[in-house]
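The block underneath contains the structure these notes are about, expressed in structure tokens.
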Amino acid sequence: MFSSFNFEDPPPSEVPRKVQRKDRSVRYLRALSAKNQERTANEHSSVDVAVTQASLSVPRPGILRLPSSDPGEEDPQPSTSSIPHRPSKWATVREKSPQIIGGHAKEVTFQERHHKLDLNKSRSTSKNRRKSAQNGGAEDPGQKSFSDVVKTAMMLRTWISAMEHDERESEPDRDATTTNAEITAADDRSILPSPPIFQQRQTGFTQIKDILTDKCRKLYYFYVTENSTFFYYWTAIISIGILYNMFAMVIFIFDDVHFGYFNQWLYVNLFFDFCFLLDCLVGSRMTFVSEGNEVSQTDKMFKNYRQSRRCKLDLLCLAPADFYLFIDTKASLVRAIRLVKAYRLYEFIMLTQRRTDFPHFMKILFLTSSCAILFHWNACVYFLFSLYQGLTEDDPNAFGFSYYKVFDPRFSICDALYDQDCYYPEDTEVLDIRDERPHYMEDMYKFWDKKFNILQIGNFSREYSMTIYWSSLTITKCGQQPWPSKSSQNSLEIFDTLIGVLVFATIIGGVGSVVTQMSQNVNDFREMMDGIKFYMKYRGVQSAIQDRVLNCFLYLNSHNQLYDEEEILSLLPPFFQARIAANLHQDTLSKVSLFYKCDQRLLQEVVMLVKQQVYSPNDYLCRKNEKAKEMFIVKKGLLAVIDDDTGVELDSLKEGHTFGELSIVQVKGNILGDRRSVSLRSVGYSDVYVLHQDDVTRLLQEYPEERVRLMENARRMLHSRGLLETNELGEMCETDDGLDDEAMLEFLSVDEQLNRLENIIDSIDTDLANMITSFSYNSVAYKKRVTALENIFNSNKKRIRGDLYNGILKTDYDDRMMF
Ligand SMILES: Nc1ncnc2c1ncn2[C@@H]1O[C@@H]2COP(=O)(O)O[C@H]2[C@H]1O
């Protein structure tokens, strides 16, 4: 009989929360298994079932307990789960297949490699059972055939699959802090089945259904963060929609455009309106920060959006103003309502500036775009005004638009290079445009007659080119326009001038500041260079050295290395400084043998101590026998290892190489002492990261255990290179970290030093106490002895005196006076 199911838990750290939630069915099974075990224990059912351990394919890795063929065999891992569960399909299954409940358990893993073994085992178990039956053993009433158990197992497998599938579909409450990526990863892990033992054949329909369900679930819980790439590109699409509206809604005042493209305009409008509608959805799924946490819960995001100003603007933007176009098709300006979404354009500009590597270029692009839109709107306003005033056909001096002012372009057909007739004898004197222009034009016509082709352009081109020309000249206050002669014309001119002054001043100011910023670096560099040049000249530095200094300076500037990296990094919170430093150096440093098996926390702090240095061609990083105080990591460039004694180049060090690592710790017994073994020279310009011994020493005070490990590593490295003093047997000498007491103190932190002092004082205290105790003990003992002697003396005083007088007792001096 099946007694229990037990799915082994994966280690907690590896179990995603979602998976745990999803495993309700499994937990339920565990609970059941616990119950069943209890029941089994009570009933002591000895019903045995032919074991088949094959073919239970559960859609997650785990261990399933199947009935043991051996009733006496103990369950190695009794189920202990007591998680509450809902009575569900399992109960039904249990009722339907009572023969499999109860009995002793046997553990099998659901791995294919066990499959064969288990089958063999089951076969042998069946044989045994048959044998025992032949031997007269009464067959258990609950015993079923092999095929029965397989069928039951199949049924269970299908049931478990269904349960998991249901759970996935119903998607329990989601954690607010779970991100999209996490969901996907967790889902993938939880959905991925363990290698199936029974090949489950899914129909195409089921597969499509599964995929669709998964997609729908992801869509339902979809959310965006302000800094995500998706949000950026989506904002770009919305911004295009806004720009399109800004441009198109005014251009439809031109008849040619209106009659030619009205329907297309409506379709494009519909498309962008749909985008704006979707943007409301995106807005309602935007995460926000509350009490320092990023909230990504669907209902909270929606509530936040509903209460925001963004929502109001979005809804206002969607006002169906376009319906008015059914009444008046010329009222294209009704779409001005869509401009309330201009805040999204601003967001796009901000996001772009945050992301771009060319901030100055982007600034200028945005400014010129604003100029273009301003000119465009102004041109349309001017044309509307002209329409309102009435278009003139032949008045060149009219304030408003006149077709007379714009000719179709004419192209000469004669060869201007060789044909003398192709030159119109231009009058170099300044013409009085009002009086002489008609004659001048007449002359020109005569001269060019039959010498040109006319390019016929449409009305719209003539209208737009003339109006945009007027607009740009007026806004930039260049003038050269027919002057206004009516109050309305004056008003337009004044209005335009005001706009021009304000907006154009802003734009020009913006461009100015961009240009200033762009040239600031150059100016700073020039200033520095001049200062250095002046100093070297003033102090009379050799010209060769001057050249080297200036070349190095130019190199640093061209490689953007004149910035003080520490100063830039100091603007960041320490956490990010550490992350950046770790990103730059941790990989390299973790490969250094000296840091072998070192605590990662120490390494994380060590990377923060790394500093950058640049060396010019032929500069020495270190010379042989000089005191070694730092280790190096080559970031860029090539270094030559030179033996100064012979002048031979021994080796070269390239990008990523580390050297001199033993200089950052002082090892007792180092044959070289703290001296460099070779010289290192920079071949060209080299960027090198440096780690100073003092910094590391200070840091190691906080990590006494790591210090010991570092010392051990260093000793081993020195030993392998034959640079460590050894005993007669060639073994490393035992050492107390390679340091005498005084040197040792240097490595200790203040706390450690205090502890050390405390210990010393304690031991002195103990010694003193011992001495006092022994002194008191001895003094009592001596007192007793003296008293005993006195007593002896007193009792024998007469005899002693007699002996003294008789000369029997002799002393060195005369003690007779004592008596
Ligand atoms: N032949 C060599 N090839 C490459 N590197 C070397 C060679 N000899 C020494 N070094 C490294 O160059 C470093 C120079 O300073 P150190 O003697 O402190 O430690 C030395 C080694 O790390």
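In what follows, every heavy atom counts, from backbone to side chain, and hydrogens, waters and symmetry copies are set aside. As the structure is a prediction and not an experimental result, all values here were calculated from the model. Counting starts at 1 for both ligands and their atoms, following the listed order.
For the pair Arg623 and Tyr620, the cation-pi criterion (under 6.0 Å, within 45° of the ring axis) is fulfilled.
Of all protein heavy atoms, the one closest to atom 16 (P) of ligand 1 is Arg676 NH1, 3.7 Å. Scanning the protein heavy atoms around atom 13 (C) of ligand 1, the nearest turns out to be Gly660 N, 3.8 Å. In this structure, the protein non-hydrogen atom closest to atom 9 (C) of ligand 1 is Val678 CG2, 3.4 Å. Atom 7 (C) of ligand 1 has its closest protein heavy atom at Val641 CG1, 3.8 Å.
Heavy-atom proximity to atom 3 (N) of ligand 1, evaluated over Asn625, Leu621, Asp651, is greatest for Asp651.
Using a 4.0 Å cut-off to heavy atoms of Ser663, the atoms of ligand 1 that qualify are 18 (O). For ligand 1, the atoms lying closer than 4.0 Å to a non-hydrogen atom of Ser677 are 9 (C), 16 (P), 17 (O), 20 (C). Close approach of ligand 1 to Phe659 (heavy-atom distance below 4.0 Å) involves ligand atoms 11 (C), 12 (O), 22 (O).
Using a cut-off of 4.0 Å between Lys/Arg side-chain N and Asp/Glu carboxylate O, Lys629 and Asp694 are scored as not salt-bridged. A salt bridge is absent between Arg354 and Glu347: the closest approach of a Lys/Arg side-chain nitrogen to an acidic carboxylate oxygen does not fall below 4.0 angstrom. A salt bridge links Glu706 with Arg709; the closest basic N to acidic carboxylate O contact falls under 4.0 Å.
To the nearest 0.5 Å, atom OG of residue Ser682 and atom CD of residue Gln613 are 11.5 Å apart.
Residue contacts with ligand 1: Leu662 is excluded, as none of its non-hydrogen atoms falls under 4.0 Å.
Checking only distances, Arg721 never comes within under 3.5 Å of ligand 1, N or O to N or O. Residue Arg675 has no nitrogen or oxygen atom sitting less than 3.5 Å from a nitrogen or oxygen atom of ligand 1, judged on distance alone.
Classified by interplanar angle (parallel below 30°, tilted 30° to 60°, perpendicular above 60°), the ring pair Phe348/Phe366 is perpendicular.
Tyr615 has its ring centre no less than 6.0 Å from the ring centre of Tyr555.
Judged purely by distance below 3.5 Å, without hydrogens or angles, the side chains of Tyr689 and Thr658 never pair a donor atom with an acceptor atom.
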